[in-house]
Amino acid sequence: MKRTHHCSQLRATDVGHKVALAGWVHVRRDHGGIVFIDLRDREGLTQIVFDPQHNKPSWELAQALRSEFVVAVEGVVRSRPAGTDNPKLPTGQIEVLVHTLEVLNSSETPPFQIDETQAGEDLRLQYRYLDLRRPAMAKNLILRHKVAKAVRDYFDANRFLEVETPILFKSTPEGAREYLVPSRVNPGKFYALPQSPQQFKQMLMVAGVERYFQIAKCFRDEDLRADRQPEFTQIDIEMSFVTRDDVLAMMEGLVAHIWQAARGEKLPLPFQRMAYKDVMERFGSDKPDTRFGMELVDFTEDFKASAFKVFRSAVDSGGVVKALNAKGLAGATQGQIEQLTETAKSFGAKGLAYIKVEAGEWKSPIVKFFSEAEKAALIQKLKIEEGDLILFGADKRESVWEVLGRLRLVVADILKKTGKLTVRDDQWNFLWVIDFPLLEYRPEEGKYYARQHPFTAAVPEDVHLLDTDPLKVRGSQYDLVLNGQEMAGGSIRIHRPDMQKKMFEEVLKIPADVAKARFGYMLEAFRYGAPPHGGIAFGFDRLVATLCGTSNIRDVIAFPKTAKAFDLMTDSPSEVEPKQLRDLHIKLDLES
RNA sequence: GGGGGUGUAGCUCAAUUGGUUCAGAGCGCUGCCCUGUCACGGCAGAGGUUGCGGGUUCGAGCCCCGUCACUCCCGCCA
């Protein structure tokens, strides 16, 4: 018995045809005589009917069917009697009257029901093969495949080569913690699993590949989040002979192609672009959610001579005063204000100044210090109205960004829950953030660090500042942000050996021998005619999660790990045999 | 590393301030009945050391301490 159709395929036009279906018993409805079964496969459901008057032997066999039995049936498609259509199913106009039934396998009662009801996540992970049978999860897997195919189609059409890079890589202790792999044949030596194929893709550019992409597994041994797994997937891209704008345009094409393939939607191009400094000043975040307002407004000038000492002294010491208007949150309880204050404090604020605009009055412990001119500035710039809650930040510039940026999101969540703010999930606010600072200074170490990675080139106009004012240097980095989430990030790379050496040794102060040990091959490669190049990488899981309408990337990964990086289905990681350790020249030193 | 949440029947959950039926409901499961259901229906039934360990108390699902698991967030993620 070979199946002729899948379970979401048959329509009224197929009536009269002899068909064969195979799948799982989703639901059984036994009326004593006639028996209905919803047969489920990856694609959907079809109602099959066992009628004792039509075929007694198969009807008798069907008595034993239970949830999740695997069956194949042969029968004829017929339209359902008038009035018994099921408009909820694509196949709801027809049913298959079964001639013959073959039970391919029985099933124990599953630990949870295979339907829309959500079991606990640990149980779902333990029985992931059952969880993935649920139509919602099957849909996610299918969409993930579609997106991957769209990616490959797009890059193929644009003359990119998909090249695989090694999983056993060299340890590079900068950045994320790595998974180490001991080498049996090289005692005491280790590989590391790649955090990304960054260095290999640059080598591919030196190799003349010109346009490379890969749907690449990456590994980071860091703590997990709803949107972070220890192993995850990137769409990794690198191009030669390109400028930043070439890369951005190519990626806009990719994203548009994906949205077309996955959702049938046409995205307006090009995407908006904003400089890092501007997004920080306006949103207090380098990945702003621009679907709603409540932007940060600057009052540094207005309060530089204020009678309110907290503001004045912030300005005096080179800081800023900024505020945001939480529209409609004046009704916040004292408890909520305290929570907001705690939030502010947890991000480094000393306190949280606020004004509630209620019953035509400004209710606030600080408003008595404000001059008429200061009040006027607030009203005008923040468009203050009845019912507003104004929140202030006064401190060092970066600190105010951070505090108000976080508060903006917290406040938006509160307003969303109370229905005072609507943020649509199907609104796609893509945004390129550009002109990031190349370096940051870590005073505790007295050193500069690359904000992205040490291969990012400075924008050409700023190169001369590297020696004199490194913090002013803008990197040629770009991030693609969607609705407050970072979707992709990349840069134009350094391709000249002298510049890369200067970056390692003079700017980042990596000792020459260390730089040579870690990146020597790169510096050498660049001496043999490395083309100018740049690239980007997308977080594939997050991208797919967004398209699936979930914020949890576990929902779009077939076999994800728990928050403790455990695989509950296979019980991994696990202990190993002493012999395996001996082979690897490893001795354990466990506490307690 | 830190903070919050959750843990009661196979699943999802309920159980006033610790106090008589406080061990319950729905779904699922088992048996019987039922020929047009699709949340099928009817009748009957099985099923729990309340995550685990300890403590307080006359008495603990409920309070305290510890521990484990899952989860969310901060740190971390060049």
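What you see is a predicted model; the values in this text were computed from it and never measured. Reminder, nothing fancy here: chain letters follow the sequence lines and each chain counts from 1.
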Checklist entry - So does Ser346(A) get a side-chain nitrogen or oxygen closer than 4.0 Å to the phosphate oxygens (OP1/OP2) of C74(B)? => result no

Checklist entry - Watson-Crick or G-U wobble partner for G7(B), using a 3.5 Å limit on both distances? => result C68(B)

Next on the checklist: When you measure from the side-chain N and O atoms of Arg66(A) to the phosphate of G31(B), is any distance below 4.0 Å, counting only OP1 and OP2?
Outcome noted: yes

Checklist entry - Checking all strands, does Gln113(A) fall into the base, sugar-phosphate, or nothing category for heavy-atom contacts under 4.0 angstrom? => result base

Item to check | Aromatic ring pairing Phe455(A)/Phe504(A), orientation class (parallel under 30°, perpendicular over 60°, tilted between) | outcome: perpendicular

Next on the checklist: Any base atoms under 4.0 Å from Arg518(A), or only sugar-phosphate, or nothing? Heavy atoms, all strands.
Outcome noted: nothing

Item to check | Side-chain N or O of Arg406(A) closer than 4.0 Å to phosphate OP1/OP2 of C74(B) | outcome: yes

Next on the checklist: Using a heavy-atom cut-off of 4.0 Å across all strands, would you classify Pro111(A) as base, sugar-phosphate, or nothing?
Outcome noted: sugar-phosphate

Item to check | Whole-Å P distance, A9(B) and C62(B) | outcome: 15 Å

Item to check | Among A39(B), G36(B), C76(B), the nucleotide that comes nearest once only the side chain of Lys88(A) is considered | outcome: A39(B)

Next on the checklist: With a 3.5 Å limit on both atom pairs, tell me what C22(B) is paired to, counting Watson-Crick and G-U wobble, or say none.
Outcome noted: none

Checklist entry - At under 4.0 Å between heavy atoms, what does Arg225(A) touch on the DNA or RNA strands: base, sugar-phosphate, or nothing? => result base

Checklist entry - Does Asn86(A) make a side-chain donor-acceptor contact with the base of C38(B), cut-off 3.5 Å? => result yes

Checklist entry - Phe112(A) stacking on C11(B): centroids under 5.5 Å, ring planes under 30°? => result no

Checklist entry - Rounding to the closest angstrom, what is the interatomic distance between C52(B) and C11(B) at atom P? => result 14 Å

Next on the checklist: Heavy atoms within less than 4.0 Å of RNA chain B: which residues of residues 28-35 of chain A have one? Give them sorted by number.
Outcome noted: Arg29(A), Asp30(A), His31(A), Gly32(A), Gly33(A), Ile34(A)

Checklist entry - Quick one: Glu108(A) CD to U30(B) C1', roughly how many Å, whole number? => result 15 Å

Checklist entry - Has Arg554(A) got a side-chain N or O lying under 4.0 Å from the OP1 or OP2 atom of C72(B)? => result yes

Checklist entry - Within the modelled atom types, does a donor on one side and an acceptor on the other bring the side chain of Gln47(A) and the base of U37(B) under 3.5 Å apart? => result yes

Item to check | Test side chain to side chain contact (heavy atoms under 4.5 Å, CB included) applied to Tyr449(A) - qualifying residues, sequence neighbours left out | outcome: Glu440(A), Arg442(A), Glu445(A), Lys447(A)

Checklist entry - Would you say the side chain of Arg228(A) and the base of C77(B) hold a donor-acceptor pair, judged only by whether the two atoms sit under 3.5 Å apart? => result yes

Checklist entry - How would you label the contact of Thr456(A) with the nucleic acid (heavy atoms, under 4.0 Å): base, sugar-phosphate, or nothing? => result nothing

Checklist entry - How far does the P atom of C22(B) sit from the matching atom of U6(B), given to the nearest Å? => result 24 Å

Next on the checklist: By the 4.0 Å heavy-atom rule, please label Leu123(A) as base, sugar-phosphate, or nothing.
Outcome noted: sugar-phosphate

Checklist entry - Leu409(A) has an atom CG; how far is it from atom P of C74(B), in whole Å? => result 10 Å

Checklist entry - With a non-hydrogen cut-off below 4.0 angstrom, is Phe36(A) in contact with a base, only sugar-phosphate, or nothing? => result base

Item to check | Nearest-angstrom distance from the residue atom CD of Gln229(A) to P of C77(B) | outcome: 19 Å

Checklist entry - Does Lys564(A) have a side-chain nitrogen or oxygen under 4.0 Å from the phosphate oxygens OP1 or OP2 of U71(B)? => result no

Checklist entry - Near Lys472(A) NZ, under 6.0 Å, is it more than 12 heavy atoms from other residues, nucleotides or ligands? => result no

Checklist entry - Does Gly83(A) or Pro454(A) map to a spot on RNA chain B nearer the 5' end, using the closest nucleotide for each? => result Gly83(A)

Checklist entry - Does C43(B) have a Watson-Crick or wobble mate here (both distances under 3.5 Å), and if so which one? => result G31(B)

Item to check | Arg474(A) to Tyr276(A), cation-pi by 6.0 Å centre distance and 45° axis angle | outcome: no

